[in-house]
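Structure record follows, encoded as C-alpha cells.
Sequential numbering from 1 along the given sequence is applied to the chain's residues. When a ligand or atom number is given, it counts from 1 through the structure's own listing order. All values below were derived from every heavy atom in this structure, side-chain atoms included, with hydrogens, water molecules and symmetry-related copies excluded.
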Amino acid sequence: MEAGEKFNLNLRNLFINTPKNFSKTEIKYKNFRKYTYSEFFERIQGLAHGLESIGVKRGDVVAVIDWDTDKYLEAYFAVPMMGAVLHTVNIRYPPEIIYYTMNHAEDKYVILRDEFLPIIEKNAQLFDFIKGWIVYSDEGKEINSKLKPLYYYDDIVKKNHYEFPDLDENTTATIFYTSGTTGFPKGVTFTHRKLVMHTLALSNAVQYPPLNLTRDHTFMILVPMFHVHSWGIPFSAILNGNKYVLPGRYEVGTILELLKNENVKFSAMVPSILYMILSAPNLESYKEYLNGWKIVIGGAALPRGLAMRARSLGIITIGAYGLSETAPLLTIATYNDEIQNADPEIKFNFSITTGIPVPMVNLRVVDQNMNDVPSDGKSVGEIIVRAPWLTTGYYKDPNKTEELWKGGWMHTGDLAVINPNGYISIVDREKDAVKSGGEFIPSLVLENAISELKGVGEVAVVGKSDEKWGERPVAFIVKTSNINEKDVIEHLNKYVEVGRIQKWWIPDQIIFVESIPKTSTGKSDKKQLKEHLLR
Ligand code: AMP
C-alpha cells in the first residue's frame, strides 16, 4: 500500500483536533458538573484507561444504563474510540426486555447509574455473563450493591494518558435495539466509518435556514441517549464546537431552567416532549427564552397544531426523519432553493414536512414493484434508501435483514409522497395505515388536520376493524379545552370543503382521553390504542 493511501474514518481521527480547537468550550451536566472540551477529552482518556485496567478489550460490548448525563457522554466517546462496542440500553423497556437485549448483544461490562441498580439486582443471577459493573451516583455517594465484580466509576476514571488506537474504519462502534412495539426488539450495529459519515452529513444539514446553526448555538438535546445515538447530535455538536448541556432525566422544570440559565438555542426532541414543555403551567415566565429557540422534531411527524403553538411563542420548529436502522438521519425540513424565497406561510408549511434528503442520502418513494412514484405530492409509495451510514442488518437475524435490504435498498416501511419541489411527506407507516373499503386513509394527514383545532392537545388516529369497510378510523384526542365530537367533525368538514382531506376519511368515532400511551421512545403507541378498541 502506498504511504498515506489508507486513512481510517474512525472517531479518533474525526475528533483529532477538537480538544485543541475548542479547548474552552463547555459541556455541562445540569448543575452538577461542567467541563471544558479540553478536560472532557482528558476524561475520556481516563475512562478508556480505567476500562482497560478492569479488563475491557477490543470488541467487548460495554453497556450504559443512565439518563442523559456527562458520564454517558464520556462513554459515547471513550468506549468506541478504544475499540470496544457501546451498547446504549433502552431504559424504558420493561426489565425482561432490558435483560433480553443485554444478553442478545452479549454485553460484558455495564456502566450503571445507581438509580437503576434495583432493576438489575432483582434478577442479578440472570446477569452472570457480565464481567464488571461500573457504578456511580450523581452525588458521589457510597453505593452498596451485591452485584459482582463491582467498580466505582470515580475510582477507575483517573487522570491518565491513553493513546486511542487507529482502528480500522469498519470496526463496530455501537449497538442498540429498535423501539419496535411488537415482539422482541431487533439489534442494529454501526461501524466507525458509518458514524463518521453520519456526523459529517449531519453537520452539513443543520447549516441551512431556518436552522442556520453555528458554533455559537448552545445545544440541549432532549432525545434520550439510548435512542439512536441521540440522533447523532452529540458527535456533530462536539465536532462543531457547540456548548453542550445535558439535562439528566427529563423534567420540565429542569429543562426550562437550563434553557434560561444556559442560554440554550438549539434542541431536538420527539413531538410529545415539545407538547410536555409547552403544557408547563409556568411556561409564561420563560417566554423570553422560548423566543428564538430552534428545535428539530423527529421520531414522529411534527403535528401542524403543535408547530403553530410553538411558532406563536417564537420557537422555530422543523421536521427531520430517520430510523434506528439509519443511524438515524435521512431528511430534514430546511429550505431548499425552491422555497427559500417563498412567502413565510409557504415556508412554514414545508418546514413541518418530513423534509429533503441530507447529503449522500439516496432516497426514493416507490410502488410495490420498486418503481418510483411520480413527484406530484399525491402518489403514495414506500420510502427506500441507500446511504453510507445505514446498518448492514439486524444483529443475528438474517431473515429480517434480508427483508430490510430487499433488492439492495433499505425498506423503511414508511409511506410517503414527494412534492414537486423535492419535499417528502410521510403520510403513514405501512403497519399503522388504516385500510378502508380497499383504499387507504393516511392517519398522519388526518392527525395533522385535527391537531389544528383549538383545544386539541395531542391526537392519534388508528384503524378499528369494521364489517363493511374492513377498517374505519378512530381518533383519540387529549383536549385542552371544552371541545366535543361535533366540534372535531365540523372542523374536519371545513378541510373537506377546501380539498385538504376527503369526506370518507372523517373518523367514525372520537374518543377523548387523559393521555395518549407512548412507546419507549415517546411516540404515540398505536398498538396499545388498537388494543384499547378491542376492550
Ligand atoms: P425508531 O427506529 O424507533 O426511531 O422509529 C423510526 C420510525 O419513526 C420511522 O420508520 C417512522 O415511521 C417514524 N418517524 C421518524 N421520523 C419521522 C417523521 N419526521 N415523520 C413521520 N414519521 C417519522
Requested in this report: Scan for salt bridge (charged side-chain N to carboxylate O under 4.0 Å, His left out) pairs involving residues 352-374, sequence neighbours excluded, and state none if there are none.
Outcome: R364-D372
Look at [X] together with [Y] and state whether they make a salt bridge at an N to O cut-off of under 4.0 Å.
X    : Y    : value
E106 : K396 : yes
E531 : K464 : no
R472 : E439 : no
E458 : K518 : yes
E452 : R500 : yes

Query raised in the report: At a 4.0 Å threshold, what atoms of ligand 1 neighbour a non-hydrogen atom of A320?
Result: 16 (N), 18 (C), 19 (N)
Requested in this report: Go through ligand 1 atom by atom and flag the ones less than 4.0 Å from a non-hydrogen atom of K523.
Outcome: 1 (P), 3 (O), 4 (O), 5 (O), 6 (C), 7 (C), 8 (O)
Query raised in the report: What part of I426, side chain from CB on, backbone N/CA/C/O, both or neither, has a heavy atom under 4.0 Å from ligand 1?
Result: side chain
Query raised in the report: What part of A300, side chain from CB on, backbone N/CA/C/O, both or neither, has a heavy atom under 4.0 Å from ligand 1?
Result: backbone
Heavy-atom contact under 4.0 Å between [X] and ligand 1?
X    : result
G299 : yes
G355 : no
G319 : no
D414 : yes

Query raised in the report: Does H227 reach ligand 1 with a nitrogen or oxygen that is under 3.5 Å from one of the ligand's nitrogen or oxygen atoms?
Result: yes
Query - Set of side chain to side chain donor-acceptor pair (under 3.5 Å) partners for S379, sequence neighbours left out - result: D376
